[in-house]
Amino acid sequence: MSTYKDEYAGWQSDPEAYWCEAAQAVDWFRAPQRILDDSKAPIYTWFADAEANTCYNAIDRHVENGRGDQAAIIYDSPVTDTKTSITYNALLDQVSRLAGVLASKGVTKGDRVVIYMPMVPDALVAMLACARIGAVHSVVFGGFAAHELAVRINDAAPKAVLSASCGIEGKRIIEYKPLLDEAIAQSENKPEFTVILQRPQVKASMVEGRDLDWADAISNADPVGCASVGGADPLYILYTSGTTGQPKGVVRHSGGHMVALLWSMKNLYNVQAGDVFWAASDVGWVVGHSYICYAPLLAGCTTMVFEGKPVGTPNPGTFWRIIEEHKVKVLFTAPTALRAIKREDPNAEYLKKYDLSGMDALFLAGERADPDTINWAQTHLQKPVVDHWWQTETGWAIAANPLGIEELPIKPGSPAVPMPGYQVEILDDAGHPVAPGTLGAIAIKLPLPPGTLPTLWNADDRFKKSYLEAFPGYYEIGDAGMVDEDGYVYIMARTDDVINVAGHRLSTGAMEEVLAAHPDVAECAVIGIGDKLKGQSPLGLICLNAGVDRAEADLQKECVSLVRHEIGPVAAFKQCLVVDALPKTRSGKILRGTMVSIADGTPWKMPATIDDPTTLDAIAERIGGLGEQTS
Ligand code: COA
Ligand code: AMP
């Protein structure tokens with residue numbers, strides 16, 4: 001049995017040999033000869049000369065190997081009172097037919113397809129159908145509004161959009177089609193056609209000549225086979241929040257993605273073909289891409305598609321019911337979901353009603369896991385509760401407790417140790433490594449491992465500027481933290497204007513752009529303040545144009561509705577205050593960090609660089625203690 005230390009040292013001694021060995025888990029059409037291409041460094045590519053198909057590896061090969069009758073997807077939707085199971089055989093049929101629909105309309109290798117769908121199995125079918133023909137999908141989370149969808153459609157310039165008539169949020173039906181129509185109207189790059197899944201809850205109105213009915217199209221389609229795709233051809237683009245309103249299009253190459261995800265299923269999550277794996281997230285996020293859709297299917301597991309919430313659909317026992325009923329071996333969720341359950345069921349009475357003996361471990365990611373939440377879960381589950389840390393850009397864990405190799409001691413508050421492929425360093429402002437236990441910016445020595453982003457879509461320069469320039473030779477993660485004497489990593493805060501609300505990554509810069517467009521707003525700032533349930537929540541501070549004399553309540557209402565309309569309900573923008581002035585440094589930089597400390601009630605000092613101290617005193621009176629600390 002190898003240990004974590006052996007495994008990590010094995011990778012360090014010969015990274016290319018390590019990933020070449022891991023690549024054996026993929027069925028290639030043409031095996032890789034050159035493992036890492038560094039000829040265009042600092043843009044690196046893995047398995048560039050290989051050929052394979054992700055859909056083939058996720059579906060066809062399992063059917064060929066006798067798994068055709070095994071469930072590939074179990075769909076559990078308490079909001080529609082539906083439970084269904086789709087075998088690998090049935091999934092192959094649906095995916096190859098939808099791929100046939102796309103191909104018959106002229107979608108070919110390299111073309112983009114935007115997917116805007118709720119949590120139904122068809123969302124996975126859509127992703128896999130694109131992968132089958134080598135088209136590049138870009139999934140947009142359903143909680144984003146039309147404008148955000150339009151921004152992504154414009155950037156990706158898709159030939160087609162795949163969507164549904166509606167999503168269901170608790171008891172509410174959210175019509176998707178009007179949002180899609182509005183987004184297409186706003187976009188300069190219009191898709192040639194759409195395919196719309198009509199759900200029984202709402203019938204979407206269709207645009208003649210542009211919109212195809214999903215069920216009709218599929219039933220008339222000829223199934224198509226798998227295209228041969230280059231290892232460094234993009235499988236998908238996933239837009240994520242940066243510091244501005246223009247999201248970053250994270251590119252995922254197909255070859256390294258398969259290698260890394262298969263490695264992680266075995267070594268990190270410790271699951272095998274036939275196991276049931278449940279990532280309680282959404283296909284719109286990276287967790288959904290990697291661990292609802294691709295990794296479980298690549299590994300021949302059964303993946304859960306859950307359409308519901310941790311509480312209220314109908315109660316805080318839903319997660320535990322699903323684990324018992326569908327024999328879930330590993331659950332992966334965000335700490336917010338557990339906090340929501342704990343808040344409604346502090347003594348875990350619901351949990352005690354279910355037989356969770358088949359469950360091996362709970363994995364948490366997406367935001368900081370506070371020790372209280374980890375301890376609560378560990379006490380009641382009596383299973384390893386593993387915090388692990390990653391981001392959209394990396395696609396899989398940077399640091400974790402690799403249960404498939406060795407279960408390391410858990411230190412609540414730390415997502416444990418770096419995975420093979422990641423040399424994690426803590427750097428000071430000048431880019432020098434600091435001593436253990438010292439806070440600094442977290443950076444990863446280049447090259448990043450397979451599966452991580454090679455670049456941003458159509459934006460190599462932005463990629464270099466955003467991630468590679470601050471510390472030459474390193475990838476800058478955007479998180480601050482430290483590493484202790486035992487090599488455990490601790491993540492403390494973001495170093496940019498990105499906030500994390502209920503495990504959802506949001507840009508305060510994007511919200512500021514929306515507020516600044518309000519006719520009465522002269523200046524504004526949005527900060528992320530502590531929130532007991534969601535980790536952080538946004539707080540808007542607006543200064544009004546001279547002469548504007550309006551009630552604060554009216555302005556608040558308008559600003560809240562503006563952000564909801566422009567960015568979407570997922571921004572959870574509910575608090576907005578009118579202030580006389582924003583505190584700034586003498587060079588004009590808004591003191592966001594100090595305001596966050598004030599709101600969260602953590603110690604703060606009057607910055608020496610402040611232009612006018614009275615502005616901060618006035619703000620402190622308004623927002624002091626407004627944020628509820630997580631732990
Ligand atoms: N389509 C449309 N609207 C959506 C949506 C979707 N796919 N997802 C969320 N929304 C809406 C919600 O309805 C809510 O709207 P509201 O302001 O009208 O109430 C808003 O966006 C915020 O959503 P959410 O953050 O999910 O809050 P909530 O109050 O509905 O639920 C929790 C609270 C804690 C149950 C929920 O945040 C949760 O399950 N969090 C875990 C998050 C998670 O798994 N993240 C994955 C990252 S790995
Ligand atoms: P996303 O790209 O949406 O997955 O968000 C990634 C960001 O979420 C990271 O850069 C971190 O700031 C935060 N994050 C993710 N996982 C963790 C974790 N386990 N602990 C602390 N922060 C985390």
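Numbering of ligands and ligand atoms starts at 1, following listing order. Computed over heavy atoms, backbone and side chain alike; hydrogens, waters and symmetry mates excluded.
- Any N or O atom pair closer than 3.5 Å counts here, and Val286 shares no such pair with ligand 2.
- Residue contacts with ligand 1: Ser281 is placed with no nitrogen or oxygen under 3.5 Å of a nitrogen or oxygen of the ligand (distance criterion only).
- Every atom of ligand 2 with a heavy atom of Asn500 under 4.0 Å away is listed here by number and element: 8 (O), 13 (C).
- Between the side chain of Asn267 and the main chain of Trp263, a donor-acceptor pair closer than 3.5 Å is present.
- Ser163 and Tyr116 make their closest contact through OG-O, 2.8 Å (heavy atoms, listed as atom of the first residue, atom of the second, distance).
- Every heavy atom of Gly478 sits 4.0 Å or more from the atoms of ligand 2.
- For Arg494, every heavy-atom contact with ligand 2 shorter than 4.0 Å involves the side chain, none the backbone.
- The backbone N or O of Val202 sits less than 3.5 Å from a side-chain atom of Ser165, completing a donor-acceptor pair.
- Here the closest non-hydrogen pair linking Leu331 and Ala280 is CD1-CB, 4.2 Å.
- When non-hydrogen atoms are compared, ligand 1 lies under 4.0 Å from the side chain of Tyr176 (C-beta onward) but not from its backbone.
- Taking the ring axis of Phe144 as reference, the NZ or CZ atom of Arg152 stays within 45° of it and closer than 6.0 Å to the ring centre.
- Using a 3.5 Å distance cut-off with no hydrogens or angles, the side chains of Arg321 and Thr318 do not pair a donor with an acceptor.
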Inset, instruction - Given ring pair (Phe, Tyr, Trp, His ring centres under 6.0 Å), test Tyr239 with Trp457 step by step and report yes or no. - result: CA-CA 9 Å; Tyr239 289 90; Trp457 181 250; 8.6 Å; no

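- The salt bridge (Lys or Arg N to Asp or Glu O under 4.0 Å) test with Glu367 is passed by exactly one of Arg494, Arg505, Arg339: Arg339.
- For the atom pair CD (Glu393) and CG (Leu448), the distance works out to 10.0 Å, reported to the nearest 0.5 Å.
- Of the options Gly535, Ala502, Gly503, the smallest heavy-atom separation from atom 42 (C) of ligand 1 is shown by Ala502.
- Close N/O approach between Trp285 and ligand 1 is not found [any backbone or side-chain N/O within under 3.5 Å].
- Ligand 1 lies out of reach of Thr333, whose nearest heavy atom is not under 4.0 Å from it.
- At a threshold of 4.0 Å, the pair Lys309-Glu344 does not count as salt-bridged, since none of the basic side-chain nitrogens sits closer than that to a carboxylate oxygen.
- Less than 4.0 angstrom separates some heavy atom of Trp390 from each of these atoms of ligand 2: 6 (C), 9 (C), 15 (C), 16 (N).
- The shortest N or O to N or O distance between Thr240 and ligand 2 is not under 3.5 Å.
- Below 4.0 Å from some heavy atom of Thr392 lie the following atoms of ligand 2, by number and element: 1 (P), 2 (O), 3 (O), 4 (O).
- Remark: Thr394 OG1 to Tyr475 OH distance equals 7.0 Å, nearest 0.5 Å.
- Side chain of Ser507 to main chain of Ser241: no donor-acceptor pair is present (N/O by atom type, distance under 3.5 Å, no hydrogens or angles).
- For atom 32 (C) of ligand 1, no protein heavy-atom neighbour is found at a distance under 4.0 Å.
- By the 4.0 Å heavy-atom criterion, His504 is counted among the residues contacting ligand 1.
- Look at Arg172 and you'll find a heavy atom under 4.0 Å from some atom of ligand 1.
- Note on ligand 1: Ala572 sits outside its first shell, no heavy atom being nearer than 4.0 Å.
- One option in Gly312, Pro569, Ala280 has a heavy atom closer to atom 21 (O) of ligand 1 than any other, and that option is Pro569.
- For ligand 1, the polar-atom distance check finds an N/O of Gly142 within less than 3.5 Å of one of the ligand's N/O atoms.
- Which of Leu506, Asp496, Asp479, Ile491 comes nearest to atom 9 (C) of ligand 2 through a heavy atom is settled by distance: it is Asp479.
- Proximity of Leu555 to His518: side-chain heavy atoms (C-beta onward) are separated by under 4.5 Å at one or more points.
- Within the set Lys309, Glu367, Lys534, the minimum heavy-atom distance to atom 25 (O) of ligand 1 is found for Lys534.
- An N or O contact shorter than 3.5 Å links Lys574 to ligand 1 by distance.
- Taking all heavy atoms of Lys248, Arg368, Glu393 into account, the minimum distance to atom 21 (C) of ligand 2 is reached by Arg368.
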